[in-house]
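The structure appears below as structure tokens.
Basis for what follows: all heavy atoms, side chains included, without hydrogens, waters or symmetry-related copies. Everything numeric in this text was worked out from a predicted model, so none of it was measured. In what follows, every chain begins at residue 1, and chains take the letters A, B, ... in the order their sequences are listed.
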Amino acid sequence: MSNIQQFQYDNKIVRAFGLASFIFAVVGMLVGLILALQIIYPSLNLGPWLTFGRLRPLHTNAVIFAFVGNGIFMGVYYSLQRLLKARMWSDTLSWIHFWGWQLIILAAAITLPLGLTTSGEYSELIWPLDIAITLIWVVFGINMFGTILTRRESHLYVAIWFYIATWVTVAVLHIVRSLELPVTLTESYPIFSGVTEALVQWWYGHNAVAFFLTTPYLGMMYYFLPKAANRPVYSYKLSIIHFWALIFIYIWAGPHHLLYSTLPDWVQSLGTVFSIMLIAPSWGGMLNGLLTLRGAWDRVANDPVLKFMVVAVIAYGMATFEGPMLSIKSVNAISHFTDWTIAHVHVGALGWNGFLTFGALYWLWPRMYRTELYSKQLANIHFWLGTLGIIFYAVPMYWAGWTQALMWKEFTPEGTLAWGNFLDTVTQIMPMYAMRAVGGTLFFVGVVIGVYNLFKTAAQGSFMANEAAEAPARPAPVVHEGDHWHRWIEGRPMQMLLWSTILIAVGGIVQIIPMVFVDSQVPKISTVKPYTPLELTGRDLYIREGCVGCHSQMIRPFRDETERYGEYSKSGEYVYDRPFLWGSKRTGPDLWREGGKYPDSWHYNHMMDPTSMSPGSIMPAYPHLLEDQLDLNGLPGKITALRKLGTPYPKDFEKYAVDNAKEQAQKIAKNLADQGIKDPTVADKEIVAIIAYLQRLGTDIKVQPK
Amino acid sequence: MISLSTLWGQATTTAAPDPKVDDFNQIMSTAFLIISALLFVVVIAVVVRTNAMLTRHLIRVESEKHGIPFAGDNTGVLPVEEDFFTRLRKKYWEDPVPQEKEGDITLDHNYDGIKELDNHLPPWWVNMFILTIIWAAGYMWYYHFGGGGADQAEQYKQEVETAKKEIAIALAGKANAVDESNVTAITEGSGIGEGELIFKNSCAACHGQKGEGGVGPNFTDEYWIHGGGIKNVFKTIKYGVPDKGMIAWSSQLKPADMQKVASYILTLQGTNPPNAKAPQGEIWKEDGATAPADTTQTAKG
């Protein structure tokens with residue numbers, strides 16, 4: 001026993017990430033609550049910075065990357081050290097990782113309300129931050145693999161397989177999704193456009209759910225649940241099969257976010273079938289979690305940690321069954337663009353991520369502080385408030401989504417839309433929105449109580465910054481007679497990394513490469529032309545204000561949509577859309593055929609006060625668009641960048657772009673004046689650009705080819 | 001199934017055959033058959049299990065009576081074979097090693113105190129996985145490799161065609177069949193009041209609460225851009241004037257409703273509301289003498 005080595009686990013970094021996680025839980029959920037209230041009371045939209053459109057990405061980013069992200073790092077840094085019998089490879093890298101990540105979050109919290117966004121869901125951050133994320137992620141990777149390679153344990157436990165797959169997949173997703181051409185420090189255009197960019201976005205977006213919200217949390221479940229229950233993991237074989245199946249199949253399912261869009265049918269079908277095949281691999285994790293509790297169920301009733309974990313795993317099982325069901329096209333035809341999706345993601349985020357994080361926090365906080373949890377009763381109150389909160393959140397949202405979808409689709413026997421005015425379908429579900437805010441409040445109060453409980457626990461204990469441990473040096477990985485074949489790769493982390501990378505690459509390659517390189521996948525339409533400079537400027541304002549959060553630009557081939565909005569969308573119409581703005585939720589109506597629908601003055605009045613043109617509207621007012629000076633200085637740079645990416649602007653167009661924009665602005669100003677808008681300076685205001693853009697939307701296919 | 005269906009039909013319906021009732025019967029009798037079959041399986045299972053239990057009990061009682069120790073299932077003295085249903089369950093549903101025996105399948109893995117058992121994959125889970133893969137292959141075949149499934153453009157065409165037929169049936173011989181060629185102005189009854197409600201909801205935002213005009217033109221003077229009179233107003237509402245921002249209401253308002261709101265609009269003439277917008281278009285005389293020849297063109301946009 002001479003080769004026993006003494007070392008210390010680093011608890012300080014775990015505590016730091018844990019603190020960050022629950023602080024951002026409070027922040028992210030508070031922003032969510034504000035958004036819920038803005039829908040009920042539109043006057044709470046304090047423009048221009050705190051409108052729904054700008055706050056929504058702040059909420060999603062704060063919950064996913066700040067709350068859950070820090071939760072992941074807390075769980076990984078705690079469990080990785082113990083599963084490998086080694087301290088983190090480098091304390092310096094640990095702290096660079098920690099502070100780098102918090103700085104990125106801080107930057108996001110500043111840039112998003114300022115309207116600096118790329119508008120891709122969960123990839124909104126501007127290009128300098130994309131680079132920062134990449135660097136920090138690499139730091140995390142080096143630290144993790146450094147620890148793995150200097151471990152004292154010969155084999156890697158299943159939790160670490162999930163951490164490895166998480167690391168490599170998030171890296172690949174983030175880099176490919178962030179391929180963009182910078183124009184200024186805060187602006188860039190994505191290299192893909194239209195339908196191709198949409199596919200890349202949802203390959204990324206879907207797998208952000210898979211490899212940021214799911215696989216690292218499965219890894220954490222595999223550590224914290226057996227530890228808390230003090231039971232052996234139910235089935236090693238199940239771990240192996242469901243791990244490899246999960247990471248291989250998940251990647252293919254992204255197109256289910258684009259069903260009935262202009263994405264080619266074959267890609268959509270792949271999204272559907274791989275989503276269905278994903279049920280079993282997803283449930284493998286749930287089963288291994290729940291069956292591990294065999295013999296510990298009597299303790300679940302008394303132990304808040306186990307209670308949180310059980311509900312988390314069940315929420316995971318529900319969400320991963322519901323997801324595939326929503327990927328069936330006929331179900332998606334109803335659910336998509338409605339609050340059903342909102343309910344679905346909140347079961348996952350509040351139930352699975354929220355409850356597992358709090359289960360883990362309640363378990364490791366007293367251990368790191370060498371004490372008992374301050375109050376079991378408060379933890380139980382947190383549990384019940386959280387559970388009721390999820391129910392009060394999800395049920396009204398399911399109801400609202402279903403109700404609204406049916407109203408959208410209802411026809412009178414004479415063939416007219418039963419609810420021709422979109423707003424009527426919104427007014428109908430307002431009580432559900434109010435109920436949702438109640439559910440969110442319950443959950444939020446629970447979280448605050450949880451934070452208080454952890455704070456008091458820390459106050460009564462004494463923190464163990466470095467936890468002494470000992471283990472023999474790492475024996476060579478020997479595969480014994482009768483061992484499972486999989487033991488071989490468990491001793492070889494780099495092979496594990498390699499095979500994970502290969503498996504997660506296949507799906508993306510098969511779906512994305514043909515879209516990029518095979519022209520026939522996106523049939524051209526000769527009358528579709530690039531945006532004029534003024535329209536382009538208006539489009540960037542549309543992006544800045546986050547209009548895409550509530551308005552889609554994708555008319556699906558259903559009779560109710562073509563009756564309500566006009567001809568259904570064609571993929572060739574979007575070839576110059578950088579970024580694409582299809583949206584994924586219709587809190588307001590689709591805008592793809594908005595062009596020419598109303599006079600310019602309608603839009604002017606509507607932006608000043610939506611209720612003047614649409615009584616009862618819950619859209620925020622945008623008076624600042626009527627007051628703020630139109631900035632055309634960036635236009636030449638934008639034209640150059642877009643031409644580099646393939647938009648056919650004429651030679652030297654940069655020189656005329658600003659004049660061209662001013663000319664178009666004058667025309668719109670004249671229209672407005674003719675229609676009774678008395679503002680002599682309107683041609684210099686942002687409103688003319690946004691009107692120009694809105695009046696262009698979806699009109700190109702109506703032009704007669706010459 | 002046919003005889004069952006008939007039986008059900010006799011019990012619940014009167015003489016006249018109704019296609020909907022037939023459908024209902026069909027569903028009910030199918031459900032009845034399925035439930036009966038399931039019940040049958042359950043009953044058989046209960047009988048077999050009870051029989052096995054009673055047999056074991058009998059052996060135990062007998063062996064105790066004769067002073068022979070009853071050794072249970074594990075000795076091999078009394079070989080207790082797994083019955084058919086146990087084997088079925090273990091093969092297709094679940095096959096966990098009981099908790100008391102889990103020492104036998106505990107692997108020599110130990111990660112920070114976490115041990116792993118070597119339980120089989122749950123058979124129902126494996127079967128579900130296989131079924132989803134088969135389903136996926138079938139789906140791809142049906143839609144992309146010769147199965148004949150319609151793509152989404154084709155589905156849309158079918159949806160629109162079906163709707164056209166249904167609308168034709170619904171409109172046949174009803175008051176809603178009014179169109180711009182036969183529409184007449186309503187002058188009495190509740191129609192005007194209903195028209196006013198529609199106006200307030202759908203038109204007032206642009207044309208003013210009193211029809212005085214705003215974003216859209218004034219309705220209270222004698223001037224009309226696209227022709228006055230019930231037929232022209234009806235036509236403008238129905239098809240809209242997309243170039244000028246007047247949307248087509250035919251997908252939102254029934255023909256009878258468009259008639260009502262057009263009739264209401266005609267009642268506004270000469271009301272002289274405050275803040276009236278300046279006249280636009282030409283003076284319209286009811287005899288149609290000054291009707292612009294190109295109105296039809298414009299209205300159809």
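- No other option in P599(A), P557(A), G415(A) has as many heavy-atom pairs under 4.5 Å with chain B as P557(A).
- Of all non-hydrogen atoms in A170(B) and P413(A), the two that sit nearest each other are CB-O, 3.1 Å.
- The contact between E153(A) and chain B is made entirely by side chain atoms (from C-beta outward), counting heavy-atom distances below 4.5 Å.
- Of the possible donor and acceptor atoms, one in the side chain of D265(A) sits under 3.5 Å from a partner among the backbone N and O of Q152(B).
- Ring centers of Y568(A) and Y156(B): under 6.0 Å apart, within the cut-off.
- Per-residue heavy-atom pair counts under 4.5 Å with chain B were compared for P615(A), P281(A), S79(A), S612(A), and the maximum is reached by P281(A).
- Of the residues E490(A), H155(A), R487(A), the one that meets the side-chain hydrogen bond (donor to acceptor under 3.5 Å, both in side chains) test with H109(B) is R487(A).
- With a threshold of 4.5 angstrom between heavy atoms, P122(B) approaches chain A through side-chain atoms but not through N, CA, C or O.
- Proximity to chain A (any heavy atom under 4.5 Å) is restricted, for S250(B), to the backbone atoms N, CA, C and O.
- At most 12 heavy atoms of other shown residues, nucleotides or ligands fall within 6.0 angstrom of atom CG in N275(B).
- Heavy atoms closer than 4.5 Å to chain A are found in both the backbone and the side chain of I133(B).
- Other residues, nucleotides and ligands contribute more than 12 heavy atoms inside 6.0 Å of the NZ atom of K409(A).
- Here K227(A) contributes atom NZ and I114(B) contributes atom CD1; the two are 6.0 Å apart, rounded to the nearest 0.5 Å.
- With a threshold of 4.5 angstrom between heavy atoms, Q268(A) approaches chain B through side-chain atoms but not through N, CA, C or O.
- Annotation: the span from I167(B) atom CD1 to T412(A) atom OG1 amounts to 7.5 Å, rounded to 0.5 Å.
- Looking at I276(A), the atoms closer than 4.5 Å to chain B (heavy atoms on both sides) sit in the backbone and in the side chain alike.
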Apply side-chain contact (heavy atoms from CB on, under 4.5 Å) to residues K115(B) and V233(A) and explain how you reach the verdict. CA-CA 6 Å; K115(B) 293 188 178 297; V233(A) 173; over 6 Å; no
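- Heavy atoms of A159(A) lying under 4.5 Å from chain B are absent altogether.
- Residue contact with chain A, scored on non-hydrogen atoms closer than 4.5 Å, involves the backbone and the side chain of A153(B) alike.
- With contacts defined as side-chain heavy-atom distances shorter than 4.5 Å, the pair L121(B)/I241(A) qualifies.
- You'll find the side chain of Y157(A) reaches within 4.5 Å of the side chain of E116(B), heavy atoms only.
- Within 6.0 Å of atom NZ in K702(A), more than 12 heavy atoms from other residues, nucleotides or ligands are found, so the atom counts as buried in its surroundings.
- Taking all atoms of both residues into account, the shortest heavy-atom contact from A280(A) to M128(B) is CA-CE, 3.8 Å.
- I105(B) does not touch chain A: none of its heavy atoms, backbone or side chain, sits under 4.5 Å away.
- In the displayed structure, K200(B) atom NZ is contacted under 6.0 Å by more than 12 heavy atoms of other residues, nucleotides or ligands.
- With contacts defined as side-chain heavy-atom distances shorter than 4.5 Å, the pair N119(B)/R294(A) qualifies.
- In W125(B), the CH2 atom is crowded: over 12 heavy atoms of neighbouring residues, nucleotides or ligands sit closer than 6.0 Å.
- The shortest distance between side-chain heavy atoms of V215(B) and N605(A) falls below 4.5 Å.
- T416(A) has its side chain out of reach of L253(B): every pair of non-hydrogen atoms, C-beta onward, lies at least 4.5 Å apart.
- With a 4.5 Å cut-off on non-hydrogen atoms, L423(A) does not touch chain B at all.
- Considering only heavy atoms from C-beta on, M140(B) comes within 4.5 Å of V273(A) through its side chain.
- Taking chain B as the reference chain and counting heavy-atom pairs below 4.5 Å, the highest number among A418(A), S614(A), G284(A), P324(A) is found for G284(A).
- Identified under the side chain to side chain donor-acceptor pair (under 3.5 Å) test for residues 127-149 of chain B, with sequence neighbours left out: S269(A)-H144(B).
- Ion pair R231(A)/E102(B) flagged as a salt bridge, since at least one NZ, NE, NH1 or NH2 atom sits closer than 4.0 Å to an Asp/Glu carboxylate oxygen.
- Neither the backbone nor the side chain of L672(A) comes within less than 4.5 Å of any heavy atom of chain B.
- Atom CD of Q155(B) sits about 8.0 Å away from atom CZ of F558(A), to the nearest 0.5 Å.
- For V126(B), no part lies under 4.5 angstrom from a heavy atom of chain A.
- Here W124(B) contributes atom CH2 and W283(A) contributes atom CH2; the two are 5.5 Å apart, rounded to the nearest 0.5 Å.
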Could you walk me through whether D112(B) and Y223(A) satisfy the side-chain hydrogen bond (donor to acceptor under 3.5 Å, both in side chains) test, starting with their C-alpha distance in whole Å, then the side-chain angles of each, then the deciding distance to 0.1 Å, before giving a yes or no? CA-CA 9 Å; D112(B) 195 31; Y223(A) 180 81; 2.5 Å; yes
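- L117(B) CG to S235(A) OG: the interatomic distance, rounded to the nearest 0.5 Å, is 8.0 Å.
- Judged as a side chain to side chain donor-acceptor pair (under 3.5 Å), and not counting sequence neighbours, R559(A) has no contacts.
- By the 6.0 Å contact criterion, CZ on F411(A) is enclosed, its count of non-hydrogen atoms from other residues, nucleotides or ligands being greater than 12.
- Within 6.0 Å of NE2 on H120(B) lie no more than 12 heavy atoms contributed by other residues, nucleotides or ligands.
- With respect to chain B, the highest number of heavy-atom pairs below 4.5 Å among P226(A), P232(A), S601(A) belongs to P232(A).
- Only the backbone of S261(A) comes within contact range of chain B, with heavy atoms under 4.5 Å apart.
- If you tally non-hydrogen atom pairs under 4.5 Å between each of W266(A), Y234(A), W419(A) and chain B, the highest count goes to Y234(A).
- Counting heavy-atom pairs closer than 4.5 Å to chain B, the top residue among R556(A), M613(A), H484(A), K85(A) is M613(A).
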